[in-house]
Amino acid sequence: MSRRILVTSALPYANGHIHIGHLVEYLQTDIWVRFQKLRGNDCLYVCADDTHGTSIMIRARSEGIPETELIDKMRTAHIADFAGFQVAFDNYGSTHSEENRECCAEIWAAIREKGLLLEKDVEQLFDTVANTFLADRFVRGTCPKCGKKDQPGDNCVCGAAYSPTDLIDPVSTISGTKPEWRTASHLFVDLEQMREFLDHWTQETDALQPEVRHYLSGQFLHEPLRPWDISRPAPYFGFEIPDSPGNYWYVWFDAPIGYIGSTKEWCKKQKNQRYEDWWKSDQVELHHFIGKDITYFHTLFWPAMLKVAGMTLPKKVHIHGFLTVNGEKMSKSTGTFILASTYLKHLDPSYLRYFYASKLSSRVDDIDLSFEEFAAKCDSDLIGNVVNLASRTAKFAQQTGLSATYPEDGGLFEEAARLGEEIAEAYENCEYGKVTRLIMECGNRANKFVEDHAPWVLKKDPAKIDQLRDVCTIGMNLFRQIAVYLAPILPKLAEQAGALLNAPITSWEDAQRPLLGTKVNEYKHFLNRVSKEGIERIMSESKETEVNANQPTTGDSDESLKAEPLLETKIAIDDFTKVDLRIARILEAEEVPEARKLLRLTLSLGGDERRNVFAGIKAAYDPKDLVNRLVVCVANLEPRQMKFGLSEGMVVAAGPGGKDIFLLSPDSGAQPGMRLH
RNA sequence: GGCGGUUUAGCUCAGUUGGUUAGAGCAGCGGAAUCAUAAUCCGCGUGUCCGGGGUUCGAGUCCCUGAACCGCCA
């Protein structure tokens with residue numbers, strides 16, 4: 001009987017691009033979903049962008065665009081990255097949708113009605129320049145323990161942990177100014193009221209991995225659960241709370257509700273679907289896939305909220321570990337902070353899908369992407385074993401076609417067919433490493449069969465055409481079985497196998513019966529070996545883009561950098577201070593008739609200090625527009641005798657030249673004579 | 001500090017409820033083959049199963065204890 005399964009991956013934050021660390025989760029989930037669909041289950045996979053919160057607000061401000069523009073841009077980029085890796089969501093929504101607002105309101109009303117809300121004053125640092133409350137990570141200051149300067153708001157390199165309250169001389173990282181203390185009323189969910197349910201759901205059901213169950217009981221459930229601060233005062237980018245004007249739902253309230261919102265969006269696009277049939281049903285299995293960093297949100301707050309609202313409870317929360325690259329945390333400086341889009345430019349997504357699968361288990365362990373192992377594994381498993389099987393058989397099979405009845409193969413097909421249930425169970429339990437091991441064993445046996453029956457020898461004897469056809473029939477069918485088993489991991493390979501044999505792979509059951517009596521099409525390479533150059537390019541490119549790696553791309557061209565590359569030579573601060581840069585006011589500006597490029601400027605450096613300067617900006621500026629404006633000049637440049645007079649300095653400007661010259665101006669308030677530091 | 005986790009071959013890892021001489025892939029060495037993308041096949045393992053103690057007829061597996069490493073502390 002077909003199961004009804006609703007699956008989610010955690011919502012990526014609309015503040016940065018998808019990187020290969022994120023992909024562990026989306027590939028893990030996508031493989032599981034594809035497996036369920038292949039098994040014939042009614043499976044729905046939803047996700048969305050997580051769009052709210054202070055970080056988005058700040059980022060949008062710094063880019064000078066509305067939050068909605070920022071999140072739209074990022075969502076488009078995320079969707080493209082996921083598509084590139086063949087992650088097939090049924091719906092990819094946004095938490096900033098009307099559907100989500102409705103869902104939030106519904107759950108909020110239930111929490112309110114059950115008497116779970118508390119109201120308490122919260123004292124928080126407030127940035128008066130940026131006009132926002134500051135989360136811990138937006139504050140830096142001097143460590144109260146060891147006195148080290150410029151430490152984060154909640155912990156120090158010395159190992160001390162504290163709250164921003166204890167920080168000496170706190171500074172806002174947003175505006176750089178000193179924040180002040182402000183008190184605001186926040187709304188809290190009294191989680192302790194849900195204790196009985198949470199004790200049972202986390203400890204007695206099968207919803208969590210054992211180590212997660214232990215972690216929760218040791219870390220949280222052994223003492224009263226603290227109320228959860230669920231609102232934020234304006235200004236905040238999010239949804240305003242309907243019955244509490246001026247307060248917004250905290251991003252962690254509306255983010256998981258985005259799972260429901262996204263389902264609702266999907267239902268609206270379908271003909272006969274109601275979101276209630278997914279979210280208010282005991283017939284539905286709800287499966288969440290998340291990373292270990294957000295464990296408590298999904299194992300305490302979230303099930304409690306669902307319970308209060310009378311909604312479908314998670315059947316299982318599948319929690320995975322982090323990704324390290326070459327044994328270390330992903331790092332921009334070593335080129336291992338790799339964006340999905342960077343990878344896709346140079347390597348086939350099949351490799352990463354397979355490699356992650358081969359490393360994943362049902363445990364919370366971190367997995368490591370060592371590029372050396374990555375290449376070795378993909379080459380030997382995918383190319384040497386699986387693809388090679390097709391490659392070495394298809395050419396002969398193309399001539400013979402497949403036999404009408406399945407020949408004696410020593411029980412190989414039947415053995416692999418029987419293995420189907422064990423492989424399926426491993427998929428079901430997220431033991432993908434085991435899945436790939438079992439499948440590779442099938443491939444080994446199949447390759448040995450081909451080796452032992454040497455179709456290349458049979459081919460030479462026309463009398464042995466039937467034998468040849470039989471060997472090909474077996475080889476092709478053993479390959480096809482593997483393609484079926486690998487289909488959740490390598491959907492593209494399954495398609496190619498289907499095309500080769502004129503029989504698309506549509507069901508797990510396709511591995512149970514041999515394919516017979518059809519012709520075989522011309523074989524073309526399914527997949528090439530992993531290109532070492534591709535790996536190198538990915539890493540070097542990830543180094544280059546490090547500055548913007550975690551930010552939305554600004555859309556700025558790199559043309560100027562290419563025209564004038566950054567200087568390699570480092571200078572000491574002393575070198576810089578030798579240059580006396582000053583604010584200057586242009587008192588006079590006139591054309592120099594004999595010169596093609598020059599204007600003559602008289603600059604005031606304040607008081608009676610004057611400089612006569614010849615500047616090559618004639619093509620870009622009209623002299624009368626320059627008079628009275630402030631510019632930056634080099635005040636201690638060695639005077640230089642020119643044909644038209646003595647030039648006593650330089651005006652600072654950017655641009656390639658000609659009409660494209662841009663003088664620098666200070667912000668208002670600067671006075672002639674001020675030095676630049 | 002408290003809590004959770006990990007420690008098995010050079011590397012990555014399997015080892016179900018305790019049960020024969022602890023396994024696989026990769027890497028390495030030797031050979032065969034030449035259909036296949038230098039792919040394939042055969043052969044080659046003296047591992048303090050992190051240390052110490054215990055329970056047991058029997059411990060990689062259970063208990064106690066110590067060490068190292070990773071993570072979490074809302």
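If you're wondering where the values come from, they're calculated on a predicted model, not measured in any experiment. Convention: sequence-line order gives letters A, B, ...; per-chain numbering from 1.
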Original post:
So, A:Tyr354 and A:Asp381: side-chain donor and acceptor under 3.5 Å apart, yes or no?
Top reply: yes
Original post:
Do the ring centers of A:Tyr26 and A:Phe85 come within less than 6.0 Å of each other?
Top reply: no
Original post:
Is A:Arg226 touching bases, backbone alone, or none of the nucleic acid, heavy atoms closer than 4.0 Å?
Top reply: base
Original post:
Does NZ or CZ of A:Lys395 lie under 6.0 Å from the centre of the six-membered ring of A:Tyr523, at an angle within 45° of the ring axis?
Top reply: no
**OP:** For residues A:Val450 and A:Pro455, report the shortest heavy-atom separation together with the two atoms involved.
**Re:** O-CD, 3.4 Å
Original post:
Taking the same atom, P, in B:G5 and in B:C49, what whole-Å distance lies between them?
Top reply: 24 Å
Subject >> Atom pair CD1 (A:Ile465) and CG (A:Asp470), whose distance is rounded to the nearest 0.5 Å >> reply: 10.5 Å
Original post:
Taking for each residue the nucleotide of RNA chain B bearing the nearest heavy atom, is the 5' side occupied by A:Phe322 or by A:Pro210?
Top reply: A:Pro210
**OP:** Taking atom C1' in both B:A9 and B:A67, compute the distance separating them and give it to the nearest angstrom.
**Re:** 22 Å
Original post:
Which whole number of Å gives the distance between the C1' atom of B:C3 and that of B:A24?
Top reply: 35 Å
**OP:** Answer yes if the side chains of A:Glu119 and A:Ser185 hold a donor-acceptor pair under 3.5 Å, and no otherwise.
**Re:** yes
Original post:
What integer number of Å spans the P atoms of B:A22 and B:G45?
Top reply: 13 Å
Original post:
What string of B, S and - do you get for nucleotides 33-40 of chain B 5' to 3' if you count protein non-hydrogen atoms under 4.0 Å?
Top reply: -SBBB-SB
**OP:** Whole angstrom is fine here: how far is it from NZ in A:Lys377 over to P in B:C11?
**Re:** 15 Å
Original post:
Is the centre of the A:Phe253 ring less than 6.0 Å from the centre of the A:Trp108 ring?
Top reply: yes
Subject >> Nucleotide-level pairing of RNA chain B, given in dot-bracket where Watson-Crick and G-U pairs need both distances under 3.5 Å and | marks other strands >> reply: (((((((..((((.....[...)))).(((((.......))))).....(((((..]....)))))))))))).
Original post:
Can the ring centres of A:His52 and A:Trp249 be said to be less than 6.0 Å apart?
Top reply: no
Original post:
What are the two closest non-hydrogen atoms of A:Pro256 and A:Trp252, and how far apart are they?
Top reply: CD-O, 3.3 Å
**OP:** Could you give the distance separating B:G71 and B:G30 at their C1' atoms, to the nearest angstrom?
**Re:** 45 Å
**OP:** Name the residue closer to the 5' end of RNA chain B, choosing between A:Lys292 and A:Leu191 according to the nucleotide with the nearest heavy atom.
**Re:** A:Lys292
Original post:
Going by heavy atoms closer than 4.0 Å, what residues in residues 215-225 of chain A are next to RNA chain B?
Top reply: A:Tyr215, A:Gly218, A:Gln219, A:Phe220, A:Glu223
Original post:
So which of A:Val386, A:Thr393, A:Val387 actually passes side chain to side chain contact (heavy atoms under 4.5 Å, CB included) with A:Phe479?
Top reply: A:Val386
